[in-house]
Amino acid sequence: MQNMNMMNVVFVTDENYALPTRTAIRAVMANAAGNDPLTVHVVCDDRVSAETERRFIALGTARATVRVLRVRNRYQEILSVRAHYTHATYLRFDLPRLLPELERVLYLDGDVIVQGDLRELYATPFGHCCVAAALDCLDSYAANYVQSQLFFSPNRYFNAGVLLMNLAAFRREGLTRQLVEFTQQRPWLMLQDQDALNVVLQGQVKYVGAEYNVMLPSYQQPRYQKLGGMANWKVLHFADNRKPWQSPAVYAGEVFMRYLAPEDWPECQYMLARDSYDKIVWVEWLAGELRRKLERKSWRSWFYEKQVDENGVKRKFKLFGISLFTKRKCRNRRMVRLLGFKFSWHTGYTLDQEPAGARYLDRAKAEKMTRQLRAPGVTRRQRERQLIVSLTSFPQRMADVHYCLYSLLTQKLKPNRVVLWLSPEEFPRFEADVPERVLRLREFGLELRWCQDNLKPYNKLVHSLEAFPDAVIVTADDDIYYPNDWLGKLYAAYLRRPEWIHCHLVDRVTVDEHGEPAPYPQWGQGHGTSMLNLLMGFCGVLYPPRVLHPDVTRRELFQKLCPTGDDLWFWAMAVLHGTLVSRIANYLPYYININQERHQLKNGEKTLMEENFLGGGNIRMFRALLAVYPALLPLLLKARATALTARPSV
């Protein structure tokens, strides 16, 4: 029988999280009141070094014992992880087996700091419940995901960073097996084991006060402010991507530093310096840009200035450099500044948020419009060749893909079909795994098609090429809201030149005279019509029939050479076939991102842009293509020579 006077606290960690976990243990020990004994169990995988294990054990005192359990992580082979998560997070599923002598434990994440005694929380009676936890603070995106993907109420969703666990009930109910099976069947879970704990344990959770798990990214929430300030918050949870040991500007980071040991400071100092160095590089770049702009100023700018960009037209009237009157026109928004007073108004309806230039979907307006959809989004009018819009998606995008589908079904030029390709590998229950808001769009022309082989990003085109070989296929991305003239502009360009591939946006492939590619960030935007134009799929690409090399559907080739670079593969197939890629003359100067956090790489989701652009994946795949298809090189060098010859003299 477990000694109830002994408080058992458990941390699960790996080598990367060893420093914050040691700091969290010091905070627990420093704030434990009374003389009752305390045992801290540190569960880690067997790859943790002996030095790290020694430093954990050295934290023990006469009153508090630190016990390290190095175990083989069996979940590395059977469960998937995403974003910044590691397989160590799943080890808390195994706590009932790893700690067989205990009936209850208090689990804490390594990124928490305890400010008060936790014995009152530890003594919480379970009743019929299996865990005790505090509610999470979900933003609108996460709440939408929980409701639409997990079919779970966001108002009952708890955060698993502080978790009082009834291990006896876990063993009795076989909950470890249920949690593992649930996670295996859903590799798309956004919050991994926390999602599984919420769904599997629903109805068996005892909710405790918010002071036991204050989510610092949301510290201004009323539930936390009602507690009377930080002094009354017993557990601080640094649940954001920015951690106090990595960035100096984190809220309440000084509390973390209070418990940081002197021997850990050099490692933490290195992390903080690296973050500061990144900021210094950015500031130097910004200063250089401002200096270059000032050097280009002319005398005329002291009286009048006109700026024209993709956001609209801005006119500024000055008197010796002092702005007197400014007016701005941005699509359907007008703004006037006169003597410090600002006047603005709308001339129509827009779905991208203001101020002008911020191209992110206003979900409140979009949600209202999607519910008002009444007319079919496709046409039965016969064309010489069918016009098909094709795209694919996966479970993590299902919470907001209906916005993209709505934009495709409300185009001024109606396509013959709008086809959404899904894989049974990711949707094992088929339509039962698809949100109702997506299924509803079938009555307005959306077609759901199931592809037996999951080709990931290639699903949007390869399957349509095989199913509709004689059709004109336009590909779209599932995280963009497309303006209603998007398709019409592409199709008009196709009617003028049906032998070309047409795009709204292209990059210019940059190679030297030996065929060596420049770093991808130096490629820049393309223009006109050329084999050097790398089509950018997210803005939309129109493929006439039979303009790609026959190898385009060879799965073993593109999965080996360009596993994440579908745009690069399709471009190479066009070049090998002798097809030109054209950026249409009246291209859309902007596009609307559905998810702002995803576009800014803030939600932890691994995106193709992050891997191919920032991670150098495009250059690696480009070189692999040249190695297998040497005929690409002379075609590129010929196109490069033509472009250099056609360049106008200055």
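Worth saying up front: this structure is predicted, and the values here are computed from it rather than measured.
For E436, there are no salt bridge (charged side-chain N to carboxylate O under 4.0 Å, His left out) partners, not counting sequence neighbours. Considering only residues two or more places apart in sequence or on other chains, E426 meets the salt bridge (charged side-chain N to carboxylate O under 4.0 Å, His left out) condition with K456. Remark: Y482 pairs with W486 by the ring pair (Phe, Tyr, Trp, His ring centres under 6.0 Å) rule, at least two apart or across chains. Qualifying side-chain hydrogen bond (donor to acceptor under 3.5 Å, both in side chains) partners for N166, counting only residues two or more places apart in sequence or in other chains: none. The salt bridge (charged side-chain N to carboxylate O under 4.0 Å, His left out) test applied to R258 returns no partner, not counting sequence neighbours. With sequence neighbours excluded, no residue satisfies ring pair (Phe, Tyr, Trp, His ring centres under 6.0 Å) with F11. Taking Y17 as the reference, W245 meet the ring pair (Phe, Tyr, Trp, His ring centres under 6.0 Å) condition, with sequence neighbours excluded. Every residue was checked against the ring pair (Phe, Tyr, Trp, His ring centres under 6.0 Å) condition with Y75, not counting sequence neighbours, and none meets it.
Closest approach of L179 to A196, counting heavy atoms only: CD2-O, 3.5 Å. Contact detail for L167 and L95: the closest heavy-atom pair is CD1-O, 4.1 Å. Between T370 and R440, the shortest heavy-atom contact is O-NH1, 3.3 Å. Heavy atoms only, all atoms of each residue included: N454 and S423 are closest at CB-OG, 3.2 Å. Minimum interatomic distance between A132 and F126 (heavy atoms only, all atoms of both residues): N-CE2, 4.1 Å.
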What verdict does the side chain to side chain donor-acceptor pair (under 3.5 Å) test give for N31 and Y259, after you've listed the backbone C-alpha separation in whole Å, the side-chain angles of each residue and the deciding distance to 0.1 Å?
CA-CA 11 Å; N31 291 283; Y259 297 98; 3.2 Å; yes

Test side chain to side chain donor-acceptor pair (under 3.5 Å) applied to Y481 and D479, step by step:
CA-CA 7 Å; Y481 184 96; D479 58 348; over 6 Å; no

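Not one N or O on the side chain of D94 forms a donor-acceptor pair closer than 3.5 Å with the backbone of R97. At least one donor-acceptor pair under 3.5 Å links the side chain of Q192 to the backbone N or O of L189.
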Per-pair distances, 0.1 Å, donor-acceptor, side chain in residues 211-223, under 3.5 Å, sequence neighbours excluded:
{"from": "N213", "atom 1": "OD1", "to": "H237", "atom 2": "ND1", "distance (Å)": "3.1"}
{"from": "N213", "atom 1": "ND2", "to": "N159", "atom 2": "OD1", "distance (Å)": "3.0"}
{"from": "R223", "atom 1": "NH1", "to": "L135", "atom 2": "O", "distance (Å)": "3.4"}
{"from": "R223", "atom 1": "NH1", "to": "D136", "atom 2": "O", "distance (Å)": "3.3"}

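Atom CZ in F93 sits 10.5 Å away from atom CG in L175 (nearest 0.5 Å). A distance of 10.0 Å separates OG in S148 from CE in M398, rounded to the nearest 0.5 Å. One distance of note links CG of L99 with CZ of R67; it measures 6.0 Å at 0.5 Å rounding. The line from CG of L191 to CG of L197 is 11.0 Å long, rounded to the nearest 0.5 Å. Rounded to the nearest 0.5 Å, atoms CG (L59) and CZ (F56) are 7.5 Å apart.
A cation-pi arrangement is absent between R156 and F152, since the terminal nitrogen or guanidinium carbon is not both under 6.0 Å from the aromatic centre and inside a 45° cone about the axis.
Pairs engaging residues 195-208 under the side-chain hydrogen bond (donor to acceptor under 3.5 Å, both in side chains) rule: Y145-D195, Y157-D195 [sequence neighbours left out]. Sorted by first and then second residue, the salt bridge (charged side-chain N to carboxylate O under 4.0 Å, His left out) pairs involving residues 13-34 (not counting sequence neighbours) are R22-D264, R26-E263, R26-D264. Counting only residues at least two apart or on different chains, no side-chain hydrogen bond (donor to acceptor under 3.5 Å, both in side chains) pair has a member in residues 175-185.
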